[in-house]
Undergrad: 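Got a structure here, written out as structure tokens. Questions coming.
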Amino acid sequence: MATELFQPSQAELLAMFLSDYRLAAADAGLDEPPTGPASDPYMIGTAVANIGLLIFTNINQAESAGNALTATGDDLDAIREAEQLPEVLPSRATGKLIITVLGATTIYNGQEFTLPNGLRGRVVGNVLNPPDQSEIDVETVDTGSKTNLAGGSKVRFAPAPPNVEEQAIVSSSFPLTGGTDGETDGRKRDRILNARRNRPAGGNWSQLREWALEALPSAQDCYVYPALGGPASAKVTPIRSMDASVFDFSRECDAVQLQAVRSYIQAKMPGQNEVVIQSPSNNPCDVAVLVTLPDSALAGGNGKGWTDAAPWPLLEVADGGAVLVTATSSDFLTVTLSANTAVTPIAGISHVAWWSSAERKFYTRLVTAVSGSAGAWVLTLESPLIDATGAGPQVSDYVCPAAANLAAYGDVWLQLLNGFGPGEHTTDSSRLPRAKRHPYVTDEDPTDITNATLAQWSNGWRDSSGETVHAGFPEITAFSLSVASQTTPSIPALVSFRQFVLTPRKFGIYKL
């Protein structure tokens, strides 16, 4: 956390001046001088305090501007330039298109298409006789966040290749992501701190990390496993951020992004060094948390806790830590739940919340009719339970009680796991510790879901500059882990395999 600088107010400076004036008079053996608003000392002190206020303000601004932890904008750029780190320019989006093929064709590298907003993209690599509905690699010609496009969006070839329909669909598995409007202050700060803590030089791990971040503006961070394959080797793992705006919750880099990093680094490294550029692999994890919240406003609470006076469903031991969807109707108006509670939800009163594993958000509905029994409750809802992608509950999705701040709980959970890095790459003692992940795993750069993770989610956390990222949820007075499919990323069986990073999939909040 950055050191807080002393910044007095004008009134504090005036009070200090008058106090010193009175003490100086007493030391000289004089009677206590008048220091009221109409006195000479008061008027002189006012002028001195005003001047002092400007001096303190200018000093503190200069100190803040010269500190990598607090500087922003042009001031942070000046520090970056002093560290001889190049500017990272706005980036293109990359992804895949689903094409409709009518016959034999060749789609050539550079074949252009147009996004709905008029920006341009192009095919990456030659594609010979692709099958119908195949996915092909693309990138945008233009740069910026406006080049990002969600799965299912439509683009048009200009003109279409022979025997290929003009309209193509953005892949839901690989949407157009990674377009940035320029490097954020946080990313610049990370590069500066990387250079200061571990001086990039001679192709060391810190330089490999810096080169990857220079080559790929869309990379959130990069991790290096030096000597993983033996002396003069390293594995470089760029990782990207999730992009909820296009329903993309992957941390993996695609082939086009990896090739950009590979070309950049290999052009700078001597041929005898083996540097492998590889994306991490998503390790989806399902987590349910138990919390203590205020009672519903209907039961005398403050309105910041549970929605209903009797939250439903309550967990039983047989639930295994979460309540699952076991069946749905085709219109998603009816869901069957695995809740083992004998307590019946009340039609017209009880609300339930579903965590969409497609959109990673909570959706709440009022229960209008109830049938079934413990272990197979059948609920009819006030309206179809669908998310912004048009998807409804899938078997084994989580359903939990409704709460006032439930949406925020889910958003912060995504934000928290978006800061996780990949885990270690090997348990081979003959390769460790030299092959450990760099930067090392720490509480500030975590890999595992622990009690500290839940504490950050509930109580909040700050970034490296001391700025508050999440202020916490004061209404949560107790919490514990209910269930997790895994809390530690898997470790690859071979060093040639990709390492893993935990990514959020299912999430639920239940009454402690």
Side-chain angles (χ1 to χ4, degrees), residues 1-83 85 182-193 195-197 293-294 297 300-305 404-405 408 412 415 443-444 452 455-478:
M1 179 177 175
T3 302
E4 294 290 336
L5 299 173
F6 179 54
Q7 177 61 65
S9 65
Q10 191 270 354
E12 290 172 325
L13 290 173
L14 175 59
M16 287 189 284
F17 177 89
L18 296 177
S19 176
D20 288 346
Y21 192 93
R22 288 192 297 270
L23 291 174
D27 286 344
L30 303 175
D31 293 335
E32 181 169 337
T35 56
S39 65
D40 287 343
Y42 188 92
M43 289 185 283
I44 296 171
T46 298
V48 171
N50 289 339
I51 295 171
L53 182 63
L54 292 174
I55 293 172
F56 270 105
T57 300
N58 289 337
I59 290 173
N60 289 346
Q61 286 182 348
E63 178 69 20
S64 177
N67 187 337
L69 295 177
T70 54
T72 58
D74 292 342
D75 295 327
L76 192 61
D77 271 325
I79 298 173
R80 173 187 57 76
E81 292 170 1
E83 295 291 341
L85 299 175
E183 193 171 35
T184 64
D185 283 350
R187 195 175 186 275
K188 290 176 191 174
R189 185 172 291 113
D190 287 342
R191 290 171 59 213
I192 292 168
L193 294 177
R196 289 182 173 181
R197 292 168 177 167
L293 292 176
N302 59 11
K304 297 180 180 180
N405 266 345
V412 171
Q415 185 181 15
D443 286 343
E444 291 73 33
Q456 286 182 309
W457 171 76
S458 174
N459 304 331
W461 72 92
R462 298 172 182 265
D463 62 18
S464 59
S465 69
E467 293 295 321
T468 298
V469 178
H470 165 51
F473 299 116
E475 72 274 11
I476 298 178
T477 54

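Hydrogens, waters and symmetry mates play no part in the numbers below; they use all other heavy atoms, side chains included. Given the structure is predicted, the values throughout are model-derived calculations rather than measurements.
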Undergrad: Mind checking whether Trp461 and Val412 have side chains closer than 4.5 Å, heavy atoms only?
TA: yes

Undergrad: To the nearest 0.5 Å, how far apart are CG in Asn405 and NZ in Lys304?
TA: 8.5 Å

Undergrad: Please evaluate residues Thr72 and Glu467 with respect to the criterion side chain to side chain contact (heavy atoms under 4.5 Å, CB included), reporting the C-alpha separation (whole Å), side-chain torsions for both, the decisive distance (0.1 Å), and the verdict.
TA: CA-CA 12 Å; Thr72 58; Glu467 293 295 321; over 6 Å; no

Undergrad: Report yes if the side chains of Phe17 and Ile44 come closer than 4.5 Å at any heavy-atom pair, otherwise no.
TA: yes

Undergrad: Please find the pair of heavy atoms, one from Thr35 and one from Tyr42, that lie closest to each other, and give the distance.
TA: O-CD1, 3.5 Å

Undergrad: Could you measure the distance from the CG atom of Leu54 to the CD atom of Gln10? Nearest 0.5 Å is fine.
TA: 10.5 Å

Undergrad: Inspect the surroundings of OH in Tyr21 and state if more than 12 heavy atoms from other residues, nucleotides or ligands are less than 6.0 Å away.
TA: no

Undergrad: Please check if the side chain of Arg187 supplies one atom and the backbone of Gly182 the other of a donor-acceptor pair under 3.5 Å.
TA: no

Undergrad: Any idea which heavy atoms bring Ala68 and Ile192 closest together, and the distance?
TA: CB-CG2, 3.9 Å

Undergrad: Tell me the closest heavy-atom pair linking Ala195 and Glu83, and the distance in Å.
TA: CB-OE1, 4.4 Å

Undergrad: Take atom CG of Asp27 as the centre, draw a 6.0 Å sphere, and report whether it contains more than 12 heavy atoms from other residues, nucleotides or ligands.
TA: yes

Undergrad: Measuring from Glu183:CD to Arg191:CZ, what's the distance to the nearest 0.5 Å?
TA: 4.5 Å

Undergrad: Is a salt bridge present between Arg80 and Asp77, judged by a nitrogen-to-oxygen distance below 4.0 Å?
TA: yes

Undergrad: How long is the straight-line distance from CG of Asp75 back to CG of Asp185, given to the nearest 0.5 Å?
TA: 9.5 Å

Undergrad: Look up atom OG1 in Thr70 and atom CG in Leu76, then write down how far apart they are to the nearest 0.5 Å.
TA: 9.0 Å

Undergrad: What residues form a side-chain hydrogen bond (donor to acceptor under 3.5 Å, both in side chains) with Asn302, not counting sequence neighbours?
TA: none

Undergrad: Keeping the roles fixed (side chain from Arg22, backbone from Pro33), state whether a donor-acceptor pair exists under 3.5 Å.
TA: no

Undergrad: Restricting to non-hydrogen atoms, name the atom on Glu475 and the atom on Pro294 that form the minimum distance, rounded to 0.1 Å.
TA: O-CD, 3.4 Å

Undergrad: Could you tell me the separation between the OG1 atom of Thr46 and the CD1 atom of Ile51, rounded to the nearest 0.5 Å?
TA: 11.0 Å

Undergrad: Where is the tightest heavy-atom contact between Pro41 and Pro34, given as atom of each residue plus distance?
TA: CG-O, 3.4 Å

Undergrad: Which heavy-atom pair separates Pro8 from Leu53 by the least distance, and what is that distance?
TA: O-CD1, 3.3 Å

Undergrad: Would you sort out whether Ile476 and Trp457 count as a side chain to side chain contact (heavy atoms under 4.5 Å, CB included), showing the intermediate values?
TA: CA-CA 10 Å; Ile476 298 178; Trp457 171 76; 3.8 Å; yes

